[in-house]
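Please read the structure below before turning to the comments.
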Amino acid sequence: MSEFDPYDELKKQMAAAQERFASEVDGATMTVVKDDGLHRHLTFRFPKASWEWCEIITWPGTLTLRGGLGCWSFTYDEDMLAFFRPGPHRERIDPLHWAQKLAPGSEVKEYDENRARAYVRQAVAEAVETHEHIRAEDAEDWLSSFDTEAALMRTLGWVEGRVDAERPAGATLEEYMASEFHFPVQDWDLYRWSNWFLLSCVVLPWAVEQYDAALVPVG
């Protein structure tokens, strides 16, 4: 985990989101509920998707995507539909940039239990080299319930107390202090990008393309 590359993980998550959308978009439909200048209301149905539907609502300076994907409100340009319109001189999907345009309070990252477990295993493996009373197999005993960040912190606090209580007796004060054990939580990145947000980033440019195609006169 010390060599963890957040951009590489984001790239993999984006690839997974695009693959998922490609497998679920067949049969999708759009309904234009309102189309009055910058005031628009578009609804989408996805019969093959677990999230089933979403809608896009725009007004000057704001676009909100809500439905089975969650609720995400972006504020930036006067015409936010144009902001997400694919073009030759911009990235089709740009979650890093788009996340900066979200309204305050939106959470685009979520706690990752698997990453927390990997950090704990790494910390214990490193501690074994300098703390004689810590065993590598202890990590597996401690990897119980990390389903929330609060649960992780409670477990780590209990583990640190237990390990320190088991420090060998008869050591000098310097040796005793050196044997103190703490997880380097302050150095851990426990959050990964929300899969729902990334899937929304895939949907948005596609939705704009559906809207643009509907405006093209037939014949």
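Just so it is clear, the structure is predicted and the values come from calculations on it, not from any experiment. All residue numbers in this chain count up from 1 along the given sequence.
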Side chains of [X] and [Y]: does their closest heavy-atom pair fall under 4.5 Å?
X	Y	result
Glu52	Arg45	no
Ile56	Phe44	yes
Leu63	Ile57	no
Trp72	Leu102	yes
Cys71	Leu65	no
Asp212	Arg85	yes
Tyr211	Met30	yes
Gln18	Ile93	yes

Spell out, yes or no, whether Val33 and Leu69 are grouped together once hydrophobic residues are joined by side-chain heavy atoms under 4.5 Å, including indirect joins.
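Val33 does not cluster with Leu69.
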Minimal non-hydrogen separation, [X] against [Y], with atom names:
X	Y	value
Tyr111	Ala116	OH-CB, 3.4 Å
Ala123	Phe183	CB-CD2, 3.7 Å
Cys54	Val203	SG-CG1, 4.3 Å

What is the distance from atom [atom1] of [X] to atom [atom2] of [Y], rounded to the nearest 0.5 Å?
X	Y	atom1	atom2	value
Leu81	Leu38	CG	CG	9.5 Å
Leu190	Leu152	CG	CG	6.0 Å
Met14	Leu96	CE	CG	10.0 Å
Met80	Thr58	CE	OG1	9.5 Å
Lys101	Thr62	NZ	OG1	13.0 Å
Arg117	Asp112	CZ	CG	10.5 Å

Go through it in stages, so that I can follow the logic: the residues are Leu215 and Asp35, the test is side chain to side chain contact (heavy atoms under 4.5 Å, CB included), and I'd like the CA-CA distance, side-chain angles, deciding distance and then a yes or no.
CA-CA 10 Å; Leu215 296 181; Asp35 190 12; 3.7 Å; yes
Glu209/Arg92 under salt bridge (charged side-chain N to carboxylate O under 4.0 Å, His left out): CA gap, chis, key distance, verdict:
CA-CA 11 Å; Glu209 290 176 331; Arg92 177 180 176 85; 2.8 Å; yes
Does [X] reach the main-chain N or O of [Y] with its side chain, forming a donor-acceptor pair under 3.5 Å?
X	Y	result
Ser194	Trp196	yes
Gln13	Leu198	no
Tyr119	Asp189	yes

Only one of Phe84, Trp59, Phe83 passes ring pair (Phe, Tyr, Trp, His ring centres under 6.0 Å) with Phe74; say which it is.
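With Phe74 as partner, ring pair (Phe, Tyr, Trp, His ring centres under 6.0 Å) holds for just one option, Phe84.
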With distance as the sole criterion, is a donor-acceptor pair present between the side chains of [X] and [Y] under 3.5 Å?
X	Y	value
Ser50	Arg20	yes
Gln100	Tyr76	no
Glu110	Trp193	no

Ring centroid separation Phe46 to Trp53 under 6.0 Å
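No: the rings miss the under 6.0 Å criterion.
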Within a reach of under 6.0 Å around NZ of Lys11, are more than 12 heavy atoms found that belong to other residues, nucleotides or ligands?
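Not buried by this count: 12 neighbours or fewer within 6.0 Å.
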Return the set of residues passing side chain to side chain donor-acceptor pair (under 3.5 Å) with Asp79 (not counting sequence neighbours), or none when no residue passes.
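With sequence neighbours excluded, Asp79 shows a side chain to side chain donor-acceptor pair (under 3.5 Å) to Arg40, given in chain and number order.
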What I want to find out is whether Arg115 reaches Glu9 closely enough, with some N-O distance under 4.0 Å, to be called a salt bridge.
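Salt bridge present between Arg115 and Glu9.
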Kindly indicate, with the supporting measurements, whether the criterion side chain to side chain contact (heavy atoms under 4.5 Å, CB included) is fulfilled by His39 and Lys34.
CA-CA 7 Å; His39 297 267; Lys34 182 175 184 177; 4.1 Å; yes
Classify the ring geometry of Phe21 against Trp206: parallel below 30°, tilted from 30° to 60°, perpendicular beyond 60°.
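Rings of Phe21 and Trp206: perpendicular, over 60°.
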